[in-house]
Student: 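Sharing a structure here in structure tokens format.
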Amino acid sequence: MVEFTVEQTTRPTSAEQRAALMADPKFGRVFTDHMAVIRYKDGQGWYDAKIIPRQPLQIDPASTVLHYGQEIFEGLKAYRGKDGAVSLFRPEANAARFVASARRLSMAELPEELFLGAIKALLKVDRDWVPAEAEKSLYLRPFMISNEVFLGVKRANEYLFIVLASPVGGYFSGNGSIPVWVSEHYTRAAIGGTGEAKCGGNYASSLLPQQEASDNGCSQVLFLDAKERRFIDEMGGMNVMFVRKDGSVVTPPLGGTILRGITRDSILKLGRHMGLTMVEEPLAIEDVFKAAATGDITEAFACGTAAVISPIGEFRRKAGSVAFGDGKTAGPVTMKLRNALCGLQRGEEADPFGWVHPVAL
Ligand SMILES: *Cc1c(COP(=O)(O)O)cnc(C)c1O
């Protein structure tokens with residue numbers, strides 16, 4: 001077990017200030033007092049593991065990440081149960097995905113025990129920042145950048161791994177169903193590309209279609225496959241699922257372009273455990289528009305760590321739109337899955353899967 005040295009901030013946020021910041025934190029704007037840092041160099045390996053006061057980075061302007069974008073990240077949450085205990089949800093899955101992302105971006109692969117160790121060491125120091133209210137949690141953002149000072153294009157020989165922590169409320173303001181824009185021109189990922197890796201570059205290329213969505217009154221984008229623009233892939237930050245009128249739940253299969261969402265995987269397993277029929281099969285966008293119009297598909301939702309499960313009210317595209325259910329309220333299967341998953345994550349439901357990972361503080 002690697003020991004993290006701890007340097008406490010000399011200017012801690014007071015309990016009063018913290019309570020004010022955490023009253024309505026929204027998403028990703030409020031940060032805790034500290035951060036975890038680990039460095040890597042070829043030949044030396046991982047070194048200098050520490051918890052330090054959260055502060056700006058000093059990196060050389062020729063640092064490779066600023067030019068060629070070797071950057072990967074993760075997102076997971078720490079929850080506080082009714083008994084005050086803090087737990088993580090499937091953090092080993094995030095650690096494993098971080099390694100897979102690093103491999104695809106040709107970056108150093110952080111061992112799982114360092115990934116988990118950094119998160120736990122940070123939680124220990126910033127434990128008072130884990131909110132107690134049911135809808136809130138402490139969002140953890142592990143990420144890694146290449147920081148060799150060199151303008152040549154090659155795999156960098158130095159990396160910086162950091163974990164930030166940010167108390168969050170719900171990801172979307174309001175609880176209603178979101179309208180989703182179907183991107184018919186821009187795509188997110190092609191076979192053989194980086195779609196399966198959680199890298200910043202995938203998000204950079206999604207911002208223009210996101211703007212197109214916004215110009216059309218939608219808060220999220222749905223991406224289609226890059227080859228035929230025919231099959232549904234995912235939403236660029238969340239996976240997508242549909243409920244058929246027979247109550248079965250269907251989602252596109254992982255095929256190399258869709259990010260392997262841990263929420264997606266958890267819903268598939270949890271749904272089966274609850275007795276629902278959970279199906280992974282390709283979904284043509286034309287068929288989904290038709291099925292929503294005829295009532296053969298009754299519900300749609302997006303899923304991911306930040307928003308958990310968010311109902312989709314309608315799909316919109318240039319040729320028109322289609323609503324799921326009444327287009328406004330979350331459907332019964334969506335709510336059932338959402339309540340079951342949230343209950344499990346917060347330790348309020350039995351955990352037959354061993355997914356809840358208690359953290360000793
Ligand atoms: C992170 C992410 C998801 C959701 O993954 P979770 O593990 O469920 O949070 C889905 N799609 C993309 C592109 C992502 O980056």
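Atoms within a ligand are numbered from 1 in the order they appear, just like the ligands themselves.
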Student: Does the pair Glu299/Arg338 count as a salt bridge with the N-to-O cut at 4.0 Å?
Tutor: no

Student: Determine whether the aromatic ring centres of Phe161 and Tyr40 lie less than 6.0 Å apart.
Tutor: no

Student: Should Cys303 be counted as touching ligand 1, given the test is an N or O pair under 3.5 Å?
Tutor: no

Student: Is there a polar contact between ligand 1 and Arg264, counting only N or O atoms under 3.5 Å apart?
Tutor: no

Student: Establish, yes or no, whether the cationic atom of Arg188 lies under 6.0 Å from the six-membered ring centre of Phe223 and within 45° of the ring axis.
Tutor: no

Student: We want to know whether Asp33 and Thr9 form a side-chain donor-acceptor pair, criterion being a heavy-atom distance below 3.5 angstrom.
Tutor: no

Student: With respect to atom 10 (C) of ligand 1, which of Gly304, Ala306, Gly237 exhibits the smallest heavy-atom separation?
Tutor: Gly237

Student: Closest non-hydrogen protein atom to atom 11 (N) of ligand 1, residue and atom name please, with distance?
Tutor: Glu234 OE1, 2.6 Å

Student: Which protein heavy atom lies closest to atom 9 (O) of ligand 1, and at what distance to 0.1 Å?
Tutor: Thr305 OG1, 2.6 Å

Student: Could you tell me the residue and atom name of the protein heavy atom closest to atom 8 (O) of ligand 1, and the distance to it rounded to 0.1 Å?
Tutor: Thr263 OG1, 2.6 Å

Student: Could you list which atoms of ligand 1 come closer than 4.0 Å to a heavy atom of Arg188?
Tutor: 13 (C)

Student: When you check the gap from the basic side-chain N to the acidic O, do Lys269 and Glu280 get nearer than 4.0 Å?
Tutor: no

Student: Determine whether any heavy atom of Met235 lies closer than 4.0 Å to an atom of ligand 1.
Tutor: no

Student: If you have a sec, work out which protein heavy atom is nearest atom 5 (O) of ligand 1 and how many Å separate them, to one decimal?
Tutor: Gly261 CA, 3.4 Å

Student: Quick one: do Arg264 and Glu234 make a salt bridge, cutoff under 4.0 Å?
Tutor: no

Student: Does Asn216 use its side chain to pair, donor to acceptor, with the backbone of Glu212 at less than 3.5 Å?
Tutor: yes

Student: Please identify which atoms of ligand 1 are closer than 4.0 Å to at least one heavy atom of Asn239.
Tutor: 10 (C)

Student: Below 4.0 angstrom from a heavy atom of Arg97, which ligand 1 atoms are there? Numbered from 1 as shown, please.
Tutor: 5 (O), 6 (P), 7 (O)

Student: Look at ligand 1 and say whether Arg260 reaches it with a heavy atom at a distance under 4.0 Å.
Tutor: no

Student: Considering only NZ, NE, NH1 and NH2 on the basic side and carboxylate oxygens on the acidic side, decide whether Arg155 and Asp42 come within less than 4.0 Å.
Tutor: yes

Student: Just jot down the side-chain hydrogen bond (donor to acceptor under 3.5 Å, both in side chains) partners of Asn147, sequence neighbours excluded, or say none.
Tutor: none

Student: Give me the nearest non-hydrogen protein atom to atom 14 (C) of ligand 1 as residue plus atom name, then the distance to 0.1 Å.
Tutor: Lys198 NZ, 3.0 Å

Student: If you measure from each heavy atom of Gly236 to ligand 1, is any distance below 4.0 Å?
Tutor: yes

